[in-house]
Number of protein chains: 2
Amino acid sequence: MSSHVGYLTIRLAGLAKESFERAIEPLGLRPALYDVLAVVAELGPESQRDLAAVLGIDPARVVALVDELESSGLAERRVDPDDRRRRVVAPTRRGRDVHGRALRAARLVEADLLDALTPAERTALRDLLRRTVA
Amino acid sequence: MSSHVGYLTIRLAGLAKESFERAIEPLGLRPALYDVLAVVAELGPESQRDLAAVLGIDPARVVALVDELESSGLAERRVDPDDRRRRVVAPTRRGRDVHGRALRAARLVEADLLDALTPAERTALRDLLRRTVA
DNA sequence: TATTGTTATACTCTATAACTATA
DNA sequence: TATAGTTATAGAGTATAACAATA
């Protein structure tokens with residue numbers, strides 16, 4: 001319909017998100033769960049408050065997401081001995097494994113998404129997007 | 001966090017959508033309402049079924065959206081005399097006016113979004129996105 | 001008194017199926 | 001019987017405020 005950058009970006013984001021959802025669904029993940037798992041797997045254990053800050057979401061949402069990760073055995077809460085109000089969220093061994101699989105799935109989705117572009121064009125697109133969101 | 005195209009695209013789409021929502025909110029529109037109004041204003045009157053097909057949404061959703069456009073005086077339903085099951089949706093004069101204002105607001109949002117890029121880079125980004133979603 | 005996490009509530013958006021009226 | 005539109009219902013996702021435990 002329109003070929004404005006805003007419109008095209010929203011459409012491409014929709015495609016990317018759908019493909020990503022399909023790719024991580026067999027791992028028992030949704031994008032929101034992936035985000036939490038990725039932070040604790042890549043940045044190391046974090047308190048729920050810090051997780052909320054990093055992810056830019058409300059601390060109340062983190063509760064339910066960590067509940068899910070915990071009940072599917074991908075992460076666990078540990079009470080911080082220095083401040084017993086804090087629950088530090090850490091990935092389990094299986095959580096790390098699933099995170100690795102999800103990362104690889106994401107790379108495949110990305111390659112498929114950019115199928116029509118040459119390597120040089122992919123780099124150009126990435127750089128333009130990076131400068132625009134910065 | 002990540003600089004994958006998929007992630008950057010989802011972030012940029014979020015920014016674009018938020019800015020667009022803020023820009024059209026004073027006009028009494030949300031993105032879904034804007035989409036319907038844009039189709040009837042740009043492509044001419046359409047049946048609700050055709051609207052659903054063009055927009056890629058369920059006909060049941062169109063009902064509520066057209067209800068809203070109608071009650072805010074931006075569009076109106078007319079029974080098709082040739083097939084009295086069909087309701088043709090047409091913009092009112094005020095609907096056309098609001099659509100024009102929303103379009104201009106969208107152009108400002110777009111310019112603001114691409115502030116960091118040169119004109120040549122904006123064109124390049126648009127072309128790369130267009131080829132990727134195609 | 002302030003902060004961390006939790007619970008409860010409500011609100012938006014959307015998907016689905018059942019229903020009506022016309023054909 | 002098939003189609004256009006409508007209504008009702010339920011589900012996911014999220015925002016908000018009140019609450020309990022700890023500092």
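Proteins come first, then strands; the chains are lettered A, B, ... in the order of their sequence lines, and each starts at number 1.
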> Looking at residues 13-30 of chain A, who's got a heavy atom less than 4.0 Å off DNA chain D?
Replying inline: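 Those residues whose heavy atoms fall under 4.0 Å from DNA chain D, taken from residues 13-30 of chain A in numerical order, are A/Arg30.
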
Closer than 4.0 Å, any side-chain N/O of B/Arg77 to the OP1 or OP2 of D/dA4?
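So the side chain of B/Arg77 is outside the cut-off, no N or O lying under 4.0 Å from OP1 or OP2 of D/dA4.
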
For DNA chain D, whose closest nucleotide is more 5', that of B/Ala64 or that of A/Ile57?
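Nearest nucleotide further toward 5': that of B/Ala64.
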
In chain order, what residues pass the side-chain hydrogen bond (donor to acceptor under 3.5 Å, both in side chains) check against [X], with sequence neighbours excluded?
{"X": "B/Thr132", "answer": "none"}
{"X": "B/His99", "answer": "B/Glu42"}
{"X": "B/Glu46", "answer": "none"}

**Prompt:** Does any pair with a residue in residues 18-31 of chain A pass side chain to side chain donor-acceptor pair (under 3.5 Å), and if so which ones, sequence neighbours excluded?
**Reply:**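 Checked against side chain to side chain donor-acceptor pair (under 3.5 Å) - neighbours excluded - the pairs reaching residues 18-31 of chain A are A/Arg30-A/Glu68.
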
Mind checking what makes salt bridge (Lys or Arg N to Asp or Glu O under 4.0 Å) contact with [X], not counting sequence neighbours?
{"X": "B/Asp112", "value": "none"}
{"X": "A/Arg101", "value": "A/Asp97"}
{"X": "A/Arg77", "value": "A/Asp67, A/Glu70"}

Atom CG of B/Leu65 to atom P of D/dT7: distance rounded to whole Å?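 One finds 14 Å between P of D/dT7 and CG of B/Leu65, rounded.
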
Q. Taking CG from A/Leu55 and P from D/dA15, how many angstroms apart are they, rounded to a whole number?
A.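 Going from A/Leu55 (CG) to D/dA15 (P), I get 13 Å.
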
For residues 50-61 of chain B, run the donor-acceptor check on the side chains, cut-off 3.5 Å, and write out each pair with its distance to 0.1 Å, sequence neighbours left out.
unit_1  : atom_1 : unit_2  : atom_2 : d
B/Asp50 : OD2    : B/Ser47 : OG     : 3.4
B/Asp58 : OD1    : B/Ala60 : N      : 2.9

Review point. 5' to 3' on DNA chain C, which nucleotides open and close the contacts with chain B (atom under 4.0 Å from a heavy atom)?
Key: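 So the outermost contacting nucleotides come out as C/dC13 to C/dA23.
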
What pairs of residues pass the ring-ring contact (aromatic ring centres under 6.0 Å, His included) test when at least one of them lies in residues 27-72 of chain B, not counting sequence neighbours?
->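 Matches after skipping sequence neighbours: B/Phe20-B/Tyr34.
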
As an exercise, state the distance from CZ of B/Arg126 to OG1 of A/Thr9, rounded to the nearest 0.5 Å.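 One gets 10.0 Å once the value is rounded to the nearest 0.5 Å.
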
Protein heavy-atom contacts under 4.0 Å, written 5' to 3' over nucleotides 17-23 of chain D as B (base), S (sugar-phosphate only) or - (none), form the string B----BS

